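Here's the structure, in structure tokens; my notes come after.
This one's a predicted model, so the numbers in the text were calculated from it and none came from an experiment.
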Number of protein chains: 2
Amino acid sequence: MTVTDEDPVDRGVSPNSHDALRRALTMISGKWKLEILWLLYHRTHRFGELLKTIHGVSQHVLTKQLRELEADGLITRKIYAEVPPRVEYSMTDATRELEPTIQSLMLWWENHGSNTRGT
Amino acid sequence: MTVTDEDPVDRGVSPNSHDALRRALTMISGKWKLEILWLLYHRTHRFGELLKTIHGVSQHVLTKQLRELEADGLITRKIYAEVPPRVEYSMTDATRELEPTIQSLMLWWENHGSNTRGT
DNA sequence: CTGGATCCCCCAGGATACTG
DNA sequence: CAGTATCCTGGGGGATCCAG
């Protein structure tokens, strides 16, 4: 320990780690992203399914969030060139490996976070 | 509302977990919160120290983020009734226990997140 | 069915100035 | 030194309509 206020390395991370962290958080901080990922953890979903299942989200926003998740490599978008268009979204390896972290956060929340400002 | 057509898979979580999760994420999603927490992991800091160390943040915003963190029980604010006002911020138990989760997220980022958009 | 294009609202966050 | 009080802007997210 002996953290002399000048020793940036002590937990095995670089000084700018919080910066990378912020980006990581941003990737999953969209209002519906967690719910989307959650559904995709179970199985592949079509756009319409997501729209129906996630109550309260509009196509516009859902599309946007999906696009962002895709750009961040968190989900895969597969388009079927059929007459009634069909698009399926599924998770990626990255998403799957993220799950333990999510679990970790959830556990923490249950222990410490849920009893503060309940706004 | 419960999950609809899929089996209650269970990764040890309740149906509405994504909701709680979002709140947990929100708690640490402020633009400077991670950096603040990071500094407080090392040691207690005064307001002025944080303001100087965290480049780019204004008093206004820093104050706001600190207030939010405090309201969420992530930091402690101690005021010394001295002539030159002194206020010290330090982390709480909750914060300390959150660290592994943060580490987990960081590791994930290094493995999967850093090679997508953003560089 | 999927998902653009528009318009709107709200608020986190930035800049600046003023006090106890 | 620490913290308010204003004012301002960008962008996330909502609603609605149009299109391939």
Side-chain angles (χ1 to χ4, degrees), chain A residues 18-19 21-37 39-40 44-72 74-90 117 119, chain B residues 5 18-19 21-37 39-40 43-72 74-90 117-118:
Chain A
H18 46 264
D19 202 74
L21 235 13
R22 265 228 336 254
R23 284 188 287 168
L25 277 180
T26 302
M27 285 175 53
I28 58 176
S29 288
K31 183 168 181 181
W32 308 98
K33 289 186 181 176
L34 284 172
E35 192 159 355
I36 292 170
L37 292 180
L39 290 170
L40 298 190
T44 292
H45 280 71
R46 300 186 50 172
F47 181 82
E49 285 180 312
L50 293 173
L51 191 56
K52 277 189 314 176
T53 307
I54 305 176
H55 298 290
V57 71
S58 63
Q59 296 133 347
H60 180 78
V61 173
L62 179 58
T63 300
K64 211 162 95 179
Q65 307 254 316
L66 288 170
R67 286 281 132 53
E68 288 176 15
L69 287 171
E70 187 191 8
D72 285 328
L74 286 175
I75 64 173
T76 299
R77 180 159 169 261
K78 187 166 186 179
I79 308 141
Y80 295 84
E82 303 175 354
V83 176
R86 181 158 63 110
V87 179
E88 289 188 347
Y89 294 91
S90 49
R117 62 167 176 187
T119 339
Chain B
D5 52 339
H18 46 263
D19 203 72
L21 232 14
R22 245 180 9 99
R23 283 188 289 167
L25 277 180
T26 302
M27 284 175 55
I28 57 175
S29 288
K31 185 168 181 182
W32 309 98
K33 290 186 181 178
L34 283 173
E35 193 160 355
I36 293 170
L37 292 180
L39 290 171
L40 297 190
R43 60 171 174 82
T44 293
H45 281 70
R46 301 183 50 169
F47 181 83
E49 285 180 312
L50 293 173
L51 191 57
K52 277 189 314 174
T53 308
I54 305 175
H55 298 289
V57 71
S58 62
Q59 296 132 346
H60 179 81
V61 174
L62 179 56
T63 301
K64 211 163 95 180
Q65 307 255 314
L66 287 170
R67 288 281 135 57
E68 287 175 17
L69 287 171
E70 187 190 8
D72 285 327
L74 287 174
I75 64 174
T76 299
R77 179 159 169 261
K78 188 166 186 180
I79 307 142
Y80 295 84
E82 303 175 354
V83 176
R86 181 158 63 111
V87 178
E88 290 187 347
Y89 294 91
S90 49
R117 66 161 175 192

Can you identify which nucleotide, out of D:dG20, D:dG14, C:dG14, has its nearest atom closest to the A:Pro85 side chain? D:dG20
Taken to the nearest whole Å, NE2/A:His45 to P/C:dT2 is 12 Å
How far apart are the closest heavy atoms of A:Lys33 and A:Glu68, and which atoms are they? NZ-OE1, 2.7 Å
May I ask you to say what B:Tyr89 touches in the nucleic acid, namely base, sugar-phosphate or nothing, with a heavy-atom cut-off under 4.0 Å? sugar-phosphate
Using a 4.0 Å heavy-atom cut-off, does A:Glu82 contact any base of the nucleic acid, only the sugar-phosphate backbone, or nothing at all? nothing
With the side chain counted from C-beta on, respond yes when B:Thr63 and B:Arg67 share a heavy-atom pair under 4.5 Å apart, and no when they do not. yes
For A:His55 and D:dA15, give me the distance from atom NE2 to atom C1', rounded to whole Å. 18 Å
Between C:dA12 (P) and B:Ile36 (CD1): distance, integer Å: 15 Å
From CD of A:Glu88 over to P of C:dC1, roughly how many Å is that when rounded to an integer? 15 Å
Proximity to the side chain of A:Val61 - top-ranked nucleotide from D:dT16, C:dG13, D:dG13: D:dG13
Pair A:Arg23, A:Leu21 - check side chain to side chain contact (heavy atoms under 4.5 Å, CB included), show working. CA-CA 5 Å; A:Arg23 284 188 287 168; A:Leu21 235 13; over 6 Å; no
Taking only residues two or more places apart in sequence or in another chain, which ones pass salt bridge (charged side-chain N to carboxylate O under 4.0 Å, His left out) with B:Arg86? B:Glu82, B:Glu88
B:Thr63 near the nucleic acid: base, sugar-phosphate alone, or nothing, with a heavy-atom cut-off under 4.0 Å? base
Looking at A:Arg46, does any N or O in its side chain come under 4.0 Å of the phosphate oxygens OP1/OP2 on C:dC1? no
Ignoring hydrogens, what is the shortest heavy-atom contact between B:Gln59 and B:Leu51? Give both atom names and the distance. CG-CD2, 3.4 Å
Check whether any side-chain nitrogen or oxygen of A:Arg67 sits under 4.0 Å from OP1 or OP2 of C:dG3, and answer yes or no. yes
Taking only the side-chain nitrogens and oxygens of A:Gln65, find out if one of them lies under 4.0 Å from OP1 or OP2 of D:dG13. yes
What is the minimum heavy-atom distance between A:Val57 and A:Leu62, and which atoms define it? CG2-N, 3.8 Å
Which of D:dA2, C:dC1, D:dG14 is nearest the side chain of A:Lys31? It is D:dG14
I need the single residue from B:His45, B:Glu35, B:Gln65, B:Glu49 that forms a side chain to side chain contact (heavy atoms under 4.5 Å, CB included) with B:Ile54. Which is it? B:Glu35
As a check of understanding: the bend across the helix from C:dC1-D:dG20 to C:dG20-D:dC1, end axes from five pairs, rounded to 10 degrees, works out to 40°
Round to a whole Å and report the spacing from NZ of A:Lys78 to P of C:dG3. 15 Å
Choose from D:dG14, C:dG13, C:dT2 the nucleotide whose nearest atom is closest to any side-chain atom of B:Lys64. C:dG13
Look at B:Arg86 and C:dG20 and indicate whether a side-chain polar atom (N or O) is within less than 4.0 Å of OP1 or OP2. no
Kindly give the heavy-atom pair with the smallest separation between A:Leu74 and A:Ile28, and that separation in Å. CD1-CG2, 3.9 Å
In short, B:Leu40 meets B:Tyr89 closest at the heavy-atom pair CD2-O, 3.3 Å
Could you tell me how far apart B:Leu50 (CG) and D:dG3 (C1') are, to the nearest whole angstrom? 14 Å
Expressed in angstrom and rounded to an integer, what is the separation of B:Leu62 atom CG from D:dA2 atom P? 10 Å
Please find the pair of heavy atoms, one from B:Ser90 and one from B:Thr44, that lie closest to each other, and give the distance. CB-OG1, 3.3 Å
Heavy-atom contacts, protein to nucleotides 5-11 of chain D, under 4.0 Å, summarised as B (base), S (sugar-phosphate only) or - (none) per nt, yield BB-----
Within this structure, what is the CZ-to-C1' distance between B:Phe47 and D:dA2, rounded to whole angstrom? 6 Å
